[in-house]
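Have a look at the structure below before the remarks.
For the numbers below, each heavy atom of this structure counts, side chains included, while hydrogens, waters and symmetry mates do not.
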Amino acid sequence: MLITGTFIDEISHDIPHQNWGTKEWEQDFVHMKNIGIDTVIMIRSGYRKFITYPSAYLISKGCYKPPVDLVELFLSLADKYQMQFYFGLYDSGEYWDTGDLTKEIESNKFVIDEVWKQYGHHTSFKGWYLSMEISRKTKGAVEAFHSLGMQCKKVSSGLPTLISPWIDGKKAVMASSPQLNKEDAVSLEQHEKEWSEIFDGIKGAVDAVAFQDGHIDYDQLEDFFRINKKVADQYGLQ
């Protein structure tokens with residue numbers, strides 16, 4: 001099995017916007033194409049005030065107008081190199097402040113409609129990435145994923161949707177924490193129970209799930225991913 005898809009990071013979250021221009025991004029797309037990548041997923045369209053495209057709605061809410069329209073750039077390059085592009089939704093940061101994922105519905109209701117109207121004509125626009133990252137049964141998560149997933153599908157005549165949660169394992173500690181491991185890591189049984197409930201609530205609105213693997217130990221990978229596959233199959237997700 002080959003790796004055929006990857007996230008492309010516009011770097012609005014961890015550090016200020018990276019300074020690649022069209023030339024560097026095109027070189028990156030060429031390299032990806034050459035090694036067999038056929039799908040690129042923009043990890044988010046913005047975080048707090050930094051955004052990737054000149055969104056009239058988000059700018060009216062206080063976001064900075066970006067100097068380059070990265071969404072247009074990525075889609076044009078995906079068109080050129082015959083790759084599939086998945087658009088990552090906007091992250092207002094409110095969930096990280098409040099722990100309530102329903103806060104992300106309001107701004108993204110406008111972003112989804114705006115983006116499809118502006119960029120939906122691109123042949124490479126093949127799906128949506130619901131960029132809110134969770135690990136456990138989080139307040140408002142099912143409602144947010146279901147609501148936004150269904151809206152994405154409605155405006156785009158059913159294009160697929162993707163999420164990428166993380167596993168609340170022993171290595172799931174804050175980068176700012178001096179701890180390398182946590183004591184209250186999720187058990188296999190609890191992981192299966194919680195994700196069964198989540199998948200039951202988002203089936204039909206979310207098509208695929210790409211679990212992050214960096215938060216559990218290497219010898220736990222097979223057990224956790226066996227459960228992930230079992231539960232995904234049970235609720236009709238890829």
Side-chain angles (χ1 to χ4, degrees), residues 1-15 17-47 50-55 58 66-91 108 111-133 145 148-166 205-214 225 228-229 232 236-238:
M1 292 176 68
L2 299 174
I3 294 174
T4 57
T6 189
F7 285 96
I8 47 176
D9 196 347
E10 35 56 69
I11 320 290
S12 62
H13 191 293
D14 299 307
I15 59 174
H17 268 36
Q18 49 85 355
N19 58 2
W20 278 9
T22 304
K23 179 184 171 186
E24 291 83 6
W25 271 117
E26 180 156 19
Q27 189 176 34
D28 198 39
F29 270 70
V30 169
H31 290 322
M32 288 191 286
K33 182 74 174 179
N34 287 342
I35 62 168
I37 298 292
D38 62 19
T39 303
V40 290
I41 306 142
M42 187 173 70
I43 203 162
R44 66 185 70 79
S45 54
Y47 178 66
F50 284 106
I51 55 178
T52 56
Y53 73 101
S55 164
L58 293 173
V68 175
D69 185 341
L70 285 175
V71 175
E72 179 62 37
L73 174 60
F74 293 155
L75 279 161
S76 297
L77 289 169
D79 288 346
K80 182 175 180 179
Y81 293 103
Q82 298 178 302
M83 295 161 82
Q84 300 183 87
F85 175 86
Y86 277 60
F87 178 86
L89 300 189
Y90 171 69
D91 184 342
N108 276 300
V111 166
I112 292 164
D113 285 344
E114 183 181 58
V115 160
W116 185 250
K117 188 176 178 182
Q118 247 170 274
Y119 305 103
H121 64 279
H122 281 276
T123 56
S124 61
F125 198 134
K126 295 296 187 185
W128 304 86
Y129 172 56
L130 312 183
S131 60
M132 305 86 73
E133 296 179 11
F145 282 134
L148 295 173
M150 292 306 290
Q151 186 184 344
C152 287
K153 287 177 164 297
K154 185 177 178 182
V155 302
S156 63
S157 301
L159 286 184
T161 54
L162 168 73
I163 62 171
S164 183
W166 44 284
V206 174
D207 298 294
V209 55
F211 273 96
Q212 301 172 34
D213 63 2
F225 275 81
N228 294 344
K229 181 69 168 70
L237 281 82
Q238 293 179 302

Atom CG of D9 and atom CZ of R44: how far apart are they, to the nearest 0.5 Å? 5.5 Å
So, E10 side chain and G46 main chain: donor-acceptor pair closer than 3.5 Å or not? no
Checking T22 against E26: is there a side-chain donor and acceptor pair closer than 3.5 Å? no
Do the non-hydrogen side-chain atoms of F145 and T161 ever get within less than 4.5 Å of each other? no
Taking all non-hydrogen atoms of both residues into account, name the closest pair between Q212 and W166 and its distance. OE1-CB, 3.7 Å
Separation between CZ (F29) and CG (L77), nearest 0.5 Å, reads 5.0 Å
Exactly one of I8, I51, T52 should register a side chain to side chain contact (heavy atoms under 4.5 Å, CB included) with L70. Which one does? T52
Are side-chain heavy atoms of K126 and P160 found at a separation under 4.5 Å? no
Does some side-chain heavy atom of N228 sit less than 4.5 Å from a side-chain heavy atom of V209? no
Separation between CG (L162) and CG (D207), nearest 0.5 Å, reads 9.0 Å
Could you give the distance from CD (Q151) to OG (S156), rounded to the nearest 0.5 Å? 10.0 Å
Fit a plane to each ring of F85 and F74, take the angle between them on a 0 to 90° scale, and name the class: parallel (under 30°), tilted (30 to 60°) or perpendicular (over 60°). tilted
Keeping S45 on the side-chain end and Y90 on the backbone end, is there a donor-acceptor pair under 3.5 Å? yes
Under the side chain to side chain donor-acceptor pair (under 3.5 Å) definition, can you give me all pairs with a residue in residues 31-41, not counting sequence neighbours? T39-Q84
With respect to Y53, which candidate in L73, V71, L75 satisfies the side chain to side chain contact (heavy atoms under 4.5 Å, CB included) definition? V71
Would you indicate whether the side-chain heavy atoms of Y129 and M42 approach each other to under 4.5 Å? no
Do M83 and S124 make a side-chain contact, defined as non-hydrogen atoms from C-beta onward lying under 4.5 Å apart? no
Take F125 and W116, measure what ring pair (Phe, Tyr, Trp, His ring centres under 6.0 Å) needs, and give me the verdict at the end. CA-CA 9 Å; F125 198 134; W116 185 250; 5.0 Å; yes
Inspect the surroundings of CD in E24 and state if more than 12 heavy atoms from other residues, nucleotides or ligands are less than 6.0 Å away. yes
Could you list the residues that satisfy side chain to side chain contact (heavy atoms under 4.5 Å, CB included) with D28, not counting sequence neighbours? W20, W25, M32
Kindly give the heavy-atom pair with the smallest separation between V155 and I112, and that separation in Å. CG2-CG2, 3.8 Å
Shortest non-hydrogen pair, N108 vs L148, comes out as CB-CD2, 3.7 Å
Tell me if a side-chain donor or acceptor on S164 pairs with a main-chain N or O of A210 at a distance below 3.5 Å. yes
Rounded distance (nearest 0.5 Å) linking atom CD of E133 with atom OG of S131: 8.0 Å
With rounding to the nearest 0.5 Å, note down the distance linking CD1 in I163 to CG in L130. 7.0 Å
